[in-house]
Asker: 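Got a structure for you, written out below as structure tokens; questions coming shortly.
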Amino acid sequence: IGAIDRFTGTTLTLPSGFTVGISAPVRDRLRAVAQYRRANWDRSSLQSTLVDFRALERLSLGLERKRGTEEGMTFWRRIPIRVGGYLLRWPDLLPVAGASDISGGTAAVDEWALTLGSGILTQDKGGGLDFSLEVGSRGSRSELGVGERFQRLGISLLLSDETWKGTFHR
């Protein structure tokens, strides 16, 4: 019997939670940002012998530099930059390495990453191209039997009606 068969007829209850953030200017073009997110997962969220739960928590800290607009600035001074990091405590408490279910003990899944990002706005300021790079680690080889280091590149493209209005209607 697989995990899907064991969960037939069971309900997953989504927990309450909250997010709070702060942003404070450091200099003219530089601000410090922080965010804390919590979702109150617990044992009652899903009755299972394969997983237990704790509260999901994510703490993010960073610095953001606004794009420069003065004449004569180099390309690197004109683009916005975001540098930061986060610690994510996954809600899943998984069986420890070697155990077939949570009766043999559980181990937490923690993740951390350092981040770097930037973006470019379209001329109408309604669209843009954004990228982020994350380098981090999750899991524990000693407790879970598996741990991983990762590098993740995210690219997003935001298009507004104003960006494309003149292109298609000429």
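Just so it is clear, the model here is predicted, and its values are computed rather than measured.
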Asker: Search all heavy atoms of R82 against all heavy atoms of G119 and return the closest pair with its distance.
Answerer: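 Closest heavy-atom pair between R82 and G119: NH1-N, 4.4 Å.
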Asker: Is there a donor-acceptor contact under 3.5 Å linking the side chains of N40 and S16?
Answerer: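 Their side chains do contain a donor-acceptor pair, which is all the 3.5 Å distance test asks for.
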Asker: Tell me whether I102 shares a hydrophobic cluster with L56, the cluster being built from Ile, Leu, Val, Met, Phe, Trp, Tyr side chains joined at under 4.5 Å.
Answerer: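 No; L56 is not reachable from I102 via cluster members.
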Asker: More than 12 non-hydrogen atoms from neighbouring residues, nucleotides or ligands closer than 6.0 Å to CZ on R65, yes or no?
Answerer: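 Enclosed: over 12 neighbouring heavy atoms sit under 6.0 Å from CZ of R65.
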Asker: So, taking the atom named CD in E111 and the one named CZ in R58, what distance separates them when rounded to the nearest 0.5 Å?
Answerer: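 Going from CD on E111 over to CZ on R58, the span is 7.5 Å.
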Asker: Is it true that E64 and R31 have a side-chain N and a carboxylate O under 4.0 angstrom from each other?
Answerer: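 Between R31 and E64 there is a salt bridge, with a charged N closer than 4.0 Å to a carboxylate O.
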Asker: Could you walk me through whether D110 and R54 pass the salt bridge (charged side-chain N to carboxylate O under 4.0 Å, His left out) check?
Answerer: CA-CA 12 Å; D110 292 327; R54 65 175 175 177; 2.6 Å; yes
Asker: Are L14 and W90 joined in one hydrophobic group, where the rule is that I, L, V, M, F, W and Y side chains link up if heavy atoms are under 4.5 Å apart?
Answerer: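 Cluster IDs for L14 and W90 match.
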Asker: Using the six-membered ring wherever Trp is involved, compare the ring planes of F53 and W41 and label them parallel, tilted or perpendicular (cut-offs 30° and 60°).
Answerer: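 Rings of F53 and W41: parallel, as their planes differ by under 30°.
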Asker: Taking atom CG of L157 as the centre, report whether more than 12 heavy atoms of other residues, nucleotides or ligands fall under 6.0 Å from it.
Answerer: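 Yes, the 6.0 Å shell around CG holds more than 12 heavy atoms from other groups.
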Asker: Membership question, hydrophobic clusters at under 4.5 Å side-chain separation (ILVMFWY): are F18 and I22 in the same one?
Answerer: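 Unlinked, I22 and F18 end up in two clusters.
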Asker: How about V135 and L116: do any of their side-chain heavy atoms sit closer than 4.5 Å?
Answerer: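 No, their side chains stay 4.5 Å or more apart.
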Asker: Starting at CG of L61, measure out to OG1 of T115 and round the result to the nearest 0.5 Å.
Answerer: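 These two atoms lie 10.0 Å from each other.
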Asker: Could you tell me whether the side chain of R152 and the main chain of G136 form a donor-acceptor pair under 3.5 Å?
Answerer: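 The answer is no, because no donor-acceptor pair under 3.5 Å joins these two groups.
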Asker: Taking only distance into account, with no hydrogens and no angle test, what donor-acceptor pairs under 3.5 Å do side-chain atoms of residues 141-150 form with protein atoms, sequence neighbours excluded?
Answerer:
from	atom 1	to	atom 2	distance (Å)
S142	OG	S140	OG	3.2
E148	OE2	R138	NH1	2.3

Asker: Without hydrogens or angle criteria, can the side chains of Q35 and Y86 be said to hold a donor-acceptor pair below 3.5 Å?
Answerer: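 No, because no side-chain N or O of Q35 sits under 3.5 Å from a partner of the opposite role on Y86.
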Asker: Hey, could you give me the CG/CG distance between D52 and L93, rounded to the nearest 0.5 Å?
Answerer: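 Between D52 CG and L93 CG, I get 5.5 Å after rounding to 0.5 Å.
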Asker: Within this structure, what is the CG-CG distance for the pair L87 and L59, rounded to the nearest 0.5 Å?
Answerer: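 Nearest 0.5 Å value for the CG-CG distance: 6.5 Å.
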Asker: Answer yes if V33 and L63 sit in the same cluster of Ile, Leu, Val, Met, Phe, Trp and Tyr residues linked by side chain heavy atoms under 4.5 Å apart, and no otherwise.
Answerer: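 Cluster IDs for V33 and L63 differ.
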Asker: So which atom in P15 and which in A39 form the shortest heavy-atom distance, rounded to 0.1 Å?
Answerer: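 Of all heavy-atom pairs spanning P15 and A39, the closest is CG-CB, 4.2 Å.
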Asker: Counting only N and O atoms by type, is there a donor-acceptor contact under 3.5 Å from the side chain of D92 to the main-chain atoms of L94?
Answerer: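 A pair under 3.5 Å: no.
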Asker: First locate atom OG of S156, then atom CG of L129, and finally report the distance between them rounded to the nearest 0.5 Å.
Answerer: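 If we round to the nearest 0.5 Å, S156:OG and L129:CG are 7.0 Å apart.
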